[in-house]
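Down below is the structure, laid out as structure tokens.
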Amino acid sequence: MTAAAQLNAFLDTLRQSLGPDILSSGRQEREEYGHHTLPGADHVPSAILFPATTAEVEAIVRHANAFRVPLFPISMGRNLGLGSRAPMRSGQVVVDLGRRMNRVVEINEELGYCVVEPGVTFNALYEALQSRGSALMMSPTAGPPDGSLLGNALDKGGGSGPAGDHFGNVCGMEVVLGNGDTIRTGDGGLDMSSHPNWHVTKYSFGPALDGLFTQSNYGIVTRVGIWLNQRPSAIRPFFFTFPDDDDLQEIIELIRAMKKKTLVPTLIRATNDLYLLSSQERHPRSGAPTVAPLSLAERRDLQRRYGVGSWTVSGALYGGSDEALKPGIDMLRAHFEASGKARYIPFEDAQAMPHLHAAINSNSGRPADGELGMLKWRPGGGAIWLTPGAPMDGLMVNAFQAQCRKIALDNGLDYMASFVCGPRFARSVHAIIYDRDKAEEAARADRCYRAMCEAFRERGIFVGRAPTQYQAFHQGQRTPQVVNACAAIKQALDPNGIIAPGRYGIE
Ligand SMILES: Cc1cc2nc3c(=O)[nH]c(=O)nc-3n(C[C@H](O)[C@H](O)[C@H](O)COP(=O)(O)OP(=O)(O)OC[C@H]3O[C@@H](n4cnc5c(N)ncnc54)[C@H](O)[C@@H]3O)c2cc1C
């Protein structure tokens with residue numbers, strides 16, 4: 001049978017066994033699913049499937065094996081800047097779990113966790129917690145509120161608050177493997193109908209399997225447990241702004257010293273001017289045929305208008321009351337202002353500054369779309385995320401930003417970066433925003449991404465999360481032994497290569 005005949009036979013079988021609502025193969029919908037924000041052509045799927053239960057996912061995977069049809073699972077598919085909901089390659093069949101598998105299965109108030117299906121969005125969990133008057137708090141991202149908790153965690157996404165490490169707070173999964181078997185990880189693997197430990201401990205018997213299903217293509221995850229913290233009575237977001245680009249060196253040292261004391265429960269973010277302000281503005285010369293990045297004078301003008309400098313530091317304190325948090329704010333002010341460069345932005349002022357709302361909302365556990373405006377900085381909707389990290393070493397992190405800034409400017413693009421900092425490690429989020437409708441500008445964005453990656457790689461630094469278009473390139477940067485190990489696991493769990501061939505460079 002030809003590939004086209006196999007695909008048709010697969011879709012006919014699904015229609016007959018699971019009903020006509022299981023799929024869409026209309027051209028317009030396929031094209032919408034194939035659209036993404038990265039350089040290069042869209043990846044149009046040959047069909048989209050909408051399973052409603054784990055049993056239906058299992059049936060889809062078994063039939064896909066029989067007809068050798070490659071699948072591409074998504075949850076809500078809001079992976080903007082990283083591939084959106086387009087499959088790895090045109091022709092793969094998207095399995096959209098989000099549309100019909102969207103139940104909050106459990107909220108366990110006492111033990112502090114929830115169990116969710118792939119279609120539960122940050123907004124949906126927030127509303128579920130609100131409507132039951134829950135004392136629990138979730139960790140949203142600064143990205144789309146209609147993104148999914150499950151898909152974001154599987155792609156090792158990050159958010160705010162003490163539970164900002166999203167995969168780190170996943171405990172217990174249900175997964176349909178590429179060979180069609182359904183497994184429960186951790187204590188869920190006990191052959192019983194009830195599993196009281198499944199979502200409360202990661203230290204079950206045997207290897208910890210959850211990590212296998214992050215940034216990989218070994219299975220389709222149909223349910224996860226996610227730990228939630230108690231919502232504090234008072235939350236006080238804080239902001240400091242620093243004037244110059246090279247202040248990042250001192251900022252990183254100051255944040256490291258503060259985070260090591262464990263007095264600030266949130267990650268602390270250092271965000272540059274254009275990352276912060278692009279959500280409020282358009283590039284001033286957007287309409288022109290070719291557009292140069294903003295000059296320093298233009299950036300200074302923008303900074304003045306918005307009351308920030310080259311870097312803005314943000315985080316939040318949690319406590320029993322606003323009064324109880326005041327000494328903490330004084331302590332932070334003494335710490336950062338001792339640099340002689342930091343300017344404190346009082347919370348009352350920050351509330352009136354729309355460009356700071358994304359940080360206020362996310363650190364308060366409220367999903368919001370404040371940052372999404374940056375996608376309109378340039379027309380054409382092009383966006384690539386680059387996410388390497390670095391040790392919390394001011395000299396090193398500042399050297400990275402200086403080198404990447406030069407690469408962006410050399411490629412005629414604005415430099416937009418944010419560093420999300422813990423006590424040891426800073427994850428950088430570089431946003432390459434470009435006009436995707438202009439082939440020449442898309443080519444520059446592509447060159448910029450690759451040159452920045454190379455600059456990091458030369459210093460032994462790897463990316464964290466990668467856009468689909470670049471995953472094979474990054475896998476090629478690893479040692480053959482690691483690549484072989486990934487391929488061997490693929491062969492064991494998905495011998496016919498059904499799930500997302502090529503995802504994260506694993507065939
Ligand atoms: C302005 C802006 C700000 C952003 N800020 C953040 C941020 O602060 N933090 C952050 O993490 N991200 C951020 N993002 C990136 C991205 O938009 C979010 O991470 C978003 O939540 C990802 O989409 P999703 O949750 O719907 O996941 P999906 O797109 O559904 O999933 C992500 C990937 O995981 C795989 N996958 C999904 N579901 C399954 C499954 N059930 N089984 C197997 N594999 C699966 C798929 O390959 C998919 O491509 C931002 C984006 C923008 C544009």
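These numbers were taken from a predicted model, which means no experiment stands behind them. When a ligand or atom number is given, it counts from 1 through the structure's own listing order.
Atoms of ligand 1 found under 4.0 Å from any heavy atom of Ser75 (numbered from 1 in listed order, with element): 30 (O), 37 (C), 38 (N), 39 (C), 41 (N). Residue contact check: Pro73 has heavy atoms under 4.0 Å from atoms 36 (N), 43 (C), 44 (N), 45 (C), 46 (C), 47 (O) of ligand 1. Close contacts of ligand 1 with Gly219, meaning ligand atoms under 4.0 Å from a residue heavy atom, involve 43 (C). Interface of Gly157 with ligand 1, defined as ligand atoms under 4.0 Å from a residue heavy atom, comprises 11 (O). The atoms of ligand 1 that sit less than 4.0 Å from any heavy atom of Leu150 are 41 (N).
A donor-acceptor contact under 3.5 angstrom links the side chains of His166 and Ser139, judged on distance only.
A salt bridge is absent between Asp21 and Arg99; no separation between the charged side-chain nitrogens and carboxylate oxygens falls under 4.0 Å. In this structure, Arg427 does not pair ionically with Asp165, as no charged nitrogen and carboxylate oxygen lie closer than 4.0 Å. A salt bridge links Asp181 with Arg62; the closest basic N to acidic carboxylate O contact falls under 4.0 Å.
In terms of polar-atom proximity, defined here as any N/O pair under 3.5 Å, Met76 does make such a contact with ligand 1. Considering backbone and side-chain atoms together, Ile220 places no N or O closer than 3.5 Å to any N or O of ligand 1. Residue Glu371 places no N or O, backbone or side chain, under 3.5 Å from any N or O of ligand 1. Any N or O atom pair closer than 3.5 Å counts here, and Asn79 shares at least one such pair with ligand 1.
Looking from atom 16 (C) of ligand 1 to the surrounding protein, the closest heavy atom is Arg78 O, 3.5 Å. The shortest contact between atom 21 (O) of ligand 1 and any protein heavy atom is with Asn152 ND2, 3.3 Å. For atom 42 (N) of ligand 1, the nearest protein heavy atom (residue, atom name, distance) is Val221 N, 3.0 Å. When only non-hydrogen protein atoms are considered, atom 6 (C) of ligand 1 lies nearest to Gly143 N, 3.7 Å. In this structure, atom 8 (O) of ligand 1 lies nearest to the protein heavy atom Ala142 N, 2.9 Å. For atom 29 (O) of ligand 1, the closest non-hydrogen atom on the protein side is Gly77 CA, 3.1 Å.
At least one heavy atom of Arg465 sits closer than 4.0 Å to an atom of ligand 1. By the 4.0 Å heavy-atom criterion, Ser148 is counted among the residues contacting ligand 1. Residue contacts with ligand 1: Arg503 is included, with a non-hydrogen atom under 4.0 Å away. Residue Pro144 places a heavy atom under 4.0 Å from ligand 1. At least one heavy atom of Gly158 sits less than 4.0 Å from an atom of ligand 1.
Ring pair Phe456/Phe400 is tilted by interplanar angle, where 30° to 60° counts as tilted. In this structure, Phe473 and Tyr470 have perpendicular ring planes: the angle between them is above 60°, well past the 30° mark.
In this structure, Lys202 places its NZ atom where more than 12 heavy-atom neighbours from other residues, nucleotides or ligands lie under 6.0 Å away.
For the side-chain contact (heavy atoms from CB on, under 4.5 Å) with Met138, the lone residue among Leu228, Ile226, Asn229 that qualifies is Leu228.
Side-chain contact check for Val115 versus Trp198: every heavy-atom pair is 4.5 Å or farther apart. The shortest side-chain heavy-atom distance between Tyr318 and Thr266 falls under the 4.5 Å cut-off. Residues Asp369 and Ser279 fail the side-chain proximity criterion, which asks for heavy atoms closer than 4.5 Å. In this structure, the side chains of Tyr306 and Glu281 come closer than 4.5 Å at one or more pairs of heavy atoms.
Contact annotation: for Trp385 versus ligand 1, heavy atoms closer than 4.0 Å belong to the side chain alone. When non-hydrogen atoms are compared, ligand 1 lies under 4.0 Å from the side chain of Leu97 (C-beta onward) but not from its backbone. Proximity of Leu154 to ligand 1, defined as any heavy-atom pair under 4.0 Å, is confined to the side chain (atoms from C-beta onward). With a 4.0 Å cut-off on non-hydrogen atoms, Arg85 does not touch ligand 1 at all. At a heavy-atom distance under 4.0 Å, no atom of Val429 approaches ligand 1. Contacts with ligand 1 closer than 4.0 Å are made by no heavy atom of Ala431, backbone or side chain.
Of the candidates Gly151, Gly373, Ser216, Gly151 brings a heavy atom nearest to atom 27 (O) of ligand 1.
Remark: Arg85 qualifies as a cation-pi partner of Tyr33 under the 6.0 Å distance and 45° angle criteria applied to the six-membered ring.
Under the 6.0 Å cut-off for aromatic ring centres, Tyr415 and His430 qualify, their centroids lying closer than that.
Scanning both residues, Phe50 and Ser24, for their nearest heavy atoms gives CE1-CB, 3.8 Å. Minimum interatomic distance between Ile252 and Met392 (heavy atoms only, all atoms of both residues): O-CE, 3.4 Å.
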